[in-house]
Amino acid sequence: MIDVNGIRLHVAEEGAGPLVVLLHGFPESWHSWHHQIGALAAAGYHVVAPDQRGYGASDHPEDVAAYSILHLVGDVVGLIRALGEEKAYVVGHDWGAPVAWHTALLRPDVVLGVAGLSVPPPFRGAEPPLAAMDKQFDGRFYWNYFDRPGVADAEFAKDTRTTLRKFFYMASGDAPGAGAGKQPLVDPERGWLSAMHDPEVLPAWFTETDLDILTESFAKGFTGALNWYRNLDRNWELTAAWDGAVVTPPALYVYGDLDPVPAFPGTPELIERLPELMPNLWRKPVKLTGCGHWTQQERPDEVNAALVEFLGDLRNSG
């Protein structure tokens with residue numbers, strides 16, 4: 001447990017060398033990186049994977065406004081400082097990717113290099129994201145469902161283990177129709193879980209032990225995690241000063257070709273343009289064939305190889 005930015009964060013830690021901070025997404029925990037922690041430590045890095053605020057054994061502030069992108073970036077910067085370092089490599093998946101990208105965008109002085117899995121670098125849209133998705137999908141996009149106070153919280157907490165099992169299967173490359181380009185829409189009256197398939201057998205990369213650990217990490221419920229989504233429009237307002245700015249530290253982007261997130265409206269076009277939009281993008285975006293949303297868990301060997309090579313190149317050139 002480490003005191004950071006006015007809260008306490010629970011972290012997993014291994015290795016010695018330059019600091020690498022691994023940031024998980026929704027609905028996950030530090031355990032999402034269990035394949036990467038040892039591999040990166042063995043490659044000569046001090047690896048730290050926190051439960052981010054609102055998750056696991058870390059603090060869960062009650063105020064919804066305490067989950068803004070500025071708070072989340074502040075946690076990363078504070079964690080780097082608390083660990084006795086001035087700079088670090090920052091890697092994020094799903095929601096952790098926007099936190100990593102924004103840490104590099106807002107504080108390039110503390111980021112040696114940044115990698116994002118699934119979610120590409122941020123380019124601020126013309127209107128607030130919740131409002132934009134509400135208009136485009138008539139309130140049925142999952143962000144808007146999550147924005148309703150207490151609704152998704154109650155649905156997901158009714159049977160935490162089943163919720164997580166369905167989520168992980170639904171967004172994986174193993175689910176029927178994976179990569180078909182369907183948008184994640186929710187019937188607000190019926191909820192989301194009723195439309196999700198409940199697999200009889202988990203994919204080989206996601207074991208019952210993994211599910212046990214993840215289920216235990218949500219013992220405090222889902223509200224803290226969902227509060228991240230409830231700040232999407234506020235984040236758009238808070239980042240107005242960076243409109244048109246780009247991530248300048250060396251950057252790596254990795255995604256699965258069956259991941260629904262890179263198929264969100266406007267995202268495929270953005271990914272195509274990343275080499276021209278990102279001044280220090282390391283090679284082209286790495287696309288993993290047959291991989292769904294849970295990038296580092298579905299394809300651990302390929303993700304580890306990409307990260308070790310990316311970090312090694314930066315370390316050697318520095």
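Here the structure is a predicted model, which is why all the values come from computation and not from measurement.
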- request: Taking the side chain as every heavy atom from C-beta outward, state whether L270 and L277 have any pair of such atoms under 4.5 Å apart.
  value: yes
field: Minimum heavy-atom distance S68-R234, with the two atoms named
entry: CB-NH1, 3.2 Å
message: Strictly distance-based, threshold 3.5 Å: is any side-chain N or O of E298 a donor or acceptor partner for the main-chain N or O of G173?
response: yes
- prompt: Is there a donor in the side chain of E13 and an acceptor in the side chain of H46, or the other way round, less than 3.5 Å apart?
  reply: yes
- prompt: Roughly how far, to the nearest 0.5 Å, is OG of S217 from CH2 of W30?
  reply: 10.0 Å
task: Taking only Lys NZ, Arg NE, NH1 and NH2, and the carboxylate oxygens of Asp or Glu, determine whether R8 and D59 approach each other closer than 4.0 Å.
output: no
task: Answer with yes or no whether the side chains of H24 and S29 bring together a donor and an acceptor at under 3.5 Å.
output: no
- request: Over all heavy atoms of both residues, which pair between V4 and G78 is shortest? Give the atoms and the distance, please.
  value: CG1-C, 3.8 Å
Distance under 6.0 Å and angle within 45° of ring axis: R124 vs W242: no
message: ring pair (Phe, Tyr, Trp, His ring centres under 6.0 Å) for Y142 and W192? Distances and angles first, verdict last.
response: CA-CA 8 Å; Y142 77 104; W192 201 5; 5.3 Å; yes
message: Would the distance check show the side chain of E14 and the main-chain N or O of V48 forming a donor-acceptor pair, the cut-off being under 3.5 Å?
response: no
message: Could you report the tightest heavy-atom contact between W294 and F167, atom names first, then the distance?
response: CZ2-O, 3.6 Å
Salt-bridge criterion met for D198 and K166 (N-O under 4.0 Å): no
- prompt: With a 4.5 Å heavy-atom cut-off, do W205 and H35 have their side chains touching?
  reply: no
field: salt bridge (Lys or Arg N to Asp or Glu O under 4.0 Å) between R230 and D147, worked out
entry: CA-CA 5 Å; R230 292 161 184 159; D147 191 45; 5.1 Å; no
field: Any side-chain donor near an acceptor of the partner, Q297 and E28, under 3.5 Å
entry: yes
message: Please find the pair of heavy atoms, one from Y253 and one from P262, that lie closest to each other, and give the distance.
response: OH-CG, 3.9 Å
query: So F123 and W101, ring pair (Phe, Tyr, Trp, His ring centres under 6.0 Å) or not? Walk me through it.
result: CA-CA 10 Å; F123 289 89; W101 294 126; 9.3 Å; no
- request: Report yes or no: does N316 contribute a side-chain atom to a donor-acceptor pair with the main-chain N or O of G312 at less than 3.5 Å?
  value: yes
- prompt: So, D138 and R140, do they make that salt bridge, N to O below 4.0 Å?
  reply: no
field: Which atom of L130 lies closest to which atom of D233, heavy atoms considered
entry: N-OD1, 2.7 Å
task: Determine, step by step, whether F26 and W95 satisfy the ring pair (Phe, Tyr, Trp, His ring centres under 6.0 Å) criterion, reporting the C-alpha distance in whole Å, the side-chain angles of both residues, the deciding distance to 0.1 Å, and the verdict.
output: CA-CA 6 Å; F26 174 90; W95 249 114; 9.2 Å; no
message: Regarding R283 and E309, does a basic nitrogen lie under 4.0 Å from an acidic carboxylate oxygen?
response: yes
message: Between E208 and R161, does any side-chain N to carboxylate O distance fall below 4.0 Å?
response: yes
query: Is R315 close enough and on-axis enough to Y45, meaning under 6.0 Å and within 45°, for cation-pi?
result: yes
query: Are side-chain N/O atoms of T207 and D210 paired as donor and acceptor at under 3.5 Å?
result: yes
- request: Taking atom types as modelled, find out whether N5 and H71 have a side-chain donor-acceptor pair closer than 3.5 angstrom.
  value: no
task: Carefully, step by step, assess Y145 and F141 under the rule ring pair (Phe, Tyr, Trp, His ring centres under 6.0 Å).
output: CA-CA 7 Å; Y145 179 65; F141 197 70; over 10 Å; no
message: Quick check: closest heavy atoms across D94 and V119, and the distance to 0.1 Å?
response: O-CG2, 3.5 Å
query: Can D212 and R165 be counted as an ion pair, charged N to O under 4.0 angstrom?
result: no
